[in-house]
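First the structure, in the form of structure tokens, and then the observations on it.
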There are 4 protein chains.
Amino acid sequence: MSDVIAADQLRLLIERVERLEGEKQGIADDIKDVFGEAKATGFDVKAMRTIIAMRKLEKHKRDEQQAIVGTYAAALGMQLAFDI
Amino acid sequence: MSDVIAADQLRLLIERVERLEGEKQGIADDIKDVFGEAKATGFDVKAMRTIIAMRKLEKHKRDEQQAIVGTYAAALGMQLAFDI
Amino acid sequence: MSDVIAADQLRLLIERVERLEGEKQGIADDIKDVFGEAKATGFDVKAMRTIIAMRKLEKHKRDEQQAIVGTYAAALGMQLAFDI
Amino acid sequence: MSDVIAADQLRLLIERVERLEGEKQGIADDIKDVFGEAKATGFDVKAMRTIIAMRKLEKHKRDEQQAIVGTYAAALGMQLAFDI
DNA sequence: ACAGAAATAAAAATGC
DNA sequence: GCATTTTTATTTCTGT
């Protein structure tokens, strides 16, 4: 592969990453905006984050990771009313 | 605002966040794929990251410069019809 | 208050902070060690962190914060098997 | 290792972490108190933080220097009986 | 697979 | 009280 071709390829790869990172940042900003909007409406952002985390846990309740948490909770005799 | 409306609003806000987080994760995966491709082609990923970081810094500096020039222009009542 | 006295006082305050920060760092290191030990014994550190976070929630289940989470969860019809 | 023993071990590890985190929080509170005291006495807390950060940086640099000197000394087979 | 480093996300604190 | 800035915590990545 000639150096010229390699340089072009590298430039393309870098530009793809940069564009994707730009989009990613844009979405991060959107998320921040949504939370800002929620806050302005009177919702508690921290509680919302907790709910979102819980829903993610529920969604992945078949994960190995969640199974381990369940096992540990059982070992400690914790009453998980929120069934993982 | 009735409780029903608030609950609906809350659900919508949370679902928007969840959808955005999903998209964000998708883009993060795309970025990883690009680096994987680069690596497979024989490029040094770490060096690429360094270049990207440097370009971001430079862009940042350029943006700052633009902001300063813009401020001066505004102070002089100039209409800047083109990008600096 | 003379400058000499003020300087001495300032030095004392700063040294107190520095000593406390040293102790804090020492404890942070101890925590890391405990997790390292847990890992070496075969426990899953991430799951342990989840359990610790849950126990903290339980401990503060009378918090206003938890009440809000409960309210939101109820509004979304979430089944909280883990009673907050 | 039986499950009972593992559960006990897990509980002990978690309780150790929890106790350490409690101590850490206590020290964080102490630090906050010292800054509160300093502020009440008329000192500029932000400036104090800057000084503390600078001293930490300097200590860091000094430690690095010591490490380098120590390395050289070791290379020469010297016994350093005193702090550099 | 693991340790260590870097990046990101979340929480806390200060100042207005 | 809100917004900004700092800290802290978690996650992710990379090299060994």
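What you see below is based on every heavy atom in this structure, not just the backbone, and it leaves out hydrogens, waters and symmetry mates.
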Exercise for review: Quick one: pull up CG in D/D44 and CG in C/L10 and give me the separation to the nearest 0.5 Å.
Suggested key: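 If I round to the nearest 0.5 Å, the distance is 10.0 Å.
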Review point. Can you tell me if A/D63 uses its side chain to pair, donor with acceptor, with the backbone of A/Q66 under 3.5 Å?
Key: no
Review point. Between C/Y72 and B/A7, is there a donor-acceptor pair closer than 3.5 Å when you use the side chain of the first and the backbone of the second?
Key: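 It does not hold such a pair.
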Check your understanding: Which residue, C/A53 or B/K32, contacts DNA chain F at a nucleotide closer to its 5' end, judged by nearest heavy atom?
Key -> C/A53
Point to revise | Given E/dA13, F/dC13, E/dA11, the nucleotide with the shortest approach to the side chain of A/K46 | key: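 So the nucleotide nearest the side chain must be E/dA11.
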Revision key, fill the gap. Of the listed F/dT10, E/dT14, F/dC13, the closest approach to the C/R49 side chain comes from F/dT10
Whole-Å distance separating the [atom1] atom of [X] from the [atom2] atom of [N]:
X: C/L20; N: F/dT7; atom1: CG; atom2: P; value: 16 Å
X: D/Q25; N: E/dA11; atom1: CD; atom2: C1'; value: 11 Å
X: D/D30; N: E/dA13; atom1: CG; atom2: P; value: 13 Å
X: C/K56; N: F/dT10; atom1: NZ; atom2: C1'; value: 13 Å
X: D/D29; N: E/dA11; atom1: CG; atom2: P; value: 18 Å
X: C/D44; N: E/dA1; atom1: CG; atom2: C1'; value: 14 Å
X: C/F35; N: E/dG4; atom1: CZ; atom2: P; value: 17 Å
X: D/I27; N: F/dT7; atom1: CD1; atom2: P; value: 18 Å

Check your understanding: Is D/V45 touching bases, backbone alone, or none of the nucleic acid, heavy atoms closer than 4.0 Å?
Key -> nothing
Review point. Base, sugar-phosphate, or nothing: which does C/K24 touch, judged by heavy atoms less than 4.0 Å apart?
Key: sugar-phosphate
Review point. Is any side-chain heavy atom of D/D30 less than 4.5 Å from a side-chain heavy atom of C/K24?
Key: no
Review point. With a 4.5 Å limit on heavy-atom distance, are the side chains of B/R19 and B/R16 in contact?
Key: yes
Practice item. Would you kindly compare A/A28 and C/K39 by the position of their nearest DNA chain E nucleotide and give the one closer to the 5′ end? Key: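 Between the two, 5'-proximity favours C/K39.
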